[in-house]
Amino acid sequence: MGELKEIVNPLLKWYDGHARVLPWRENPAPYRVWVSEIMLQQTRVEAVKPYFERFMRELPAIRDLAEASEDRLLKLWEGLGYYNRVRNMQKAAEKLMEKFGGEMPPDFDEILKLPGIGSYTAGAIASIAFGIARPAVDGNVLRVLSRVQKSYEDIMKQSVRRKMEEQVQAVIPKDRAGDFNQSLIELGAIVCVPGGAPKCGECPLKGLCRAHKDGVELELPRKTPPKKRKIEDRTVLVLISENKAALKKRPSKGLLAGLYELPNLEGFYDSGAVLEYVKNLGLSPIRIQPLPEAKHIFSHIEWHMAGYMVKIEEPEQEPEGCFFVEKEQMEERFSIPAAFAAYTEYFKHRF
Ligand code: ADE
C-alpha cells in the first residue's frame, strides 16, 4: 500500500457505528481531551474513567490545575503511576495561564511546546478538540498501520514513527480529523488488539489488510525488545505506635518523587538487622512480625520486597525524615504509591 487513502472511508464508517461512548468523547473540550490523553498513556480506558471524572470534578479548569497544591495533585493521580505526567501537566497549565489566559491555544505548534506534550498528544488535542488536521500516532495506530501495510519496520524507531505520521498526514480528512485519528486508535484498542489474536473477523479493513491476507498479523508490529528491568531488593517497614504508623516523604527528584512512602531499606534485612536499624533510629521496638514478600514493577525497575511490621513504643522524638500519622488519616491525606500497597494493607490490621 503506497498510501493509506483506501482505509479512510471504511474506518470512519466503522467508527460511527462502533466507537465506545467515553466521557472525553461526549464533550471533547480541549482541557478534557488533554487530561484524558495524558491519563490514557500507560493506563487502560476502563481504569482511567473514574480518575478522569474525579479530576474534572475537582479541577474543572486549567486555572484550577495551575493553582492546585502538589499533594492534592498527587492524591488525584494516586494509583495511576508515572507521576511526572501530572507534574508536567501542572507546569503546562501554569504556562497556559501566563501566555494564553488559561486556555489551550488552537494551534498545533504551540500545544507541542507545552511540557509533557509530544507529537502524539499534541496531534490528539489539536485534532479531537479543535478539528485541526494533524496525525495522532500512538502505539495503537502503529500496530494498525504496521499490519495493514505489512510493514516489518521497527516501531520503536523514531524514524518509523515519523514516517507513519507522514502517511497519516497525507490522508487525514480535513472535515473529520479528530474522528479519523480516534478511529485508528479505537480500532487498535478493540479490534486490532495486541497480545493475542486480533479480531480480524470484525475488522472494517480486513479486505485491505496485507498482514491478514498473508496470515502474518501475529508477527506484527515488529519492536526491538525493551531493555531488561533493573531489580532492586528492598525491606519495607510498617512501624506502628498505638494507632499511628510511620511515613517518609521521598526526595523531590527521581523515582516516585515527592510522594510518601513507608520507611524502607535497600537490600534484604532479617528480623535482627531490622530491630537494630529501628533502635538506631532512636525508637524502642516491642515486637516484630515478618510480612509476605511482594513485588512491584515500574517501567525500568522492579522492586522485590521483604516486609516487617514492628510495634514500637510511642516515640519521644520522631526520627529524622520520618513522621507518624494516624492510620485512619493516611489514605485521605497522603499519596502513597501503589508499590507499597502490599504493606499499607497492614495499617488496617490490629497489631
Ligand atoms: N487511547 C489513547 N487515546 C485514546 C482515545 N482518545 N480514546 C480511546 N482510547 C485511547
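In listed order, ligands and their atoms are each counted from 1.
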Identity and separation of the nearest protein heavy atom to atom 6 (N) of ligand 1
E37 OE2, 2.8 Å
Of the protein's non-hydrogen atoms, which lies at the shortest distance from atom 4 (C) of ligand 1, and what is that distance?
L40 CD1, 3.5 Å
Under 4.0 Å between a Lys/Arg side-chain N and an Asp/Glu carboxylate O for E110 and K113?
yes
Hey, is V45 touching ligand 1 through its side chain, its backbone, both or neither, going by heavy atoms under 4.0 Å?
side chain
Quick one: are I38 and N88 in side-chain contact, heavy atoms under 4.5 Å?
no
Run the numbers for me: atoms of ligand 1, each under 4.0 Å from some heavy atom of Y120, listed by number.
2 (C), 3 (N)
Need the ligand 1 atom indices (1-based, order shown) with element for anything under 4.0 Å from a heavy-atom of Q182.
6 (N)
Are Y308 and Y277 an aromatic pair by the rule of ring centers under 6.0 Å?
no
For H296 together with F298, are the ring centres under 6.0 Å from each other?
yes
Nearest heavy atom to atom 7 (N) of ligand 1: which of R25, E186, R20 does it belong to?
R25
For K75 and E78, what are the C-alpha separation, side-chain angles and deciding distance, and is it a salt bridge (charged side-chain N to carboxylate O under 4.0 Å, His left out)?
CA-CA 5 Å; K75 195 74 207 154; E78 185 180 351; 2.5 Å; yes
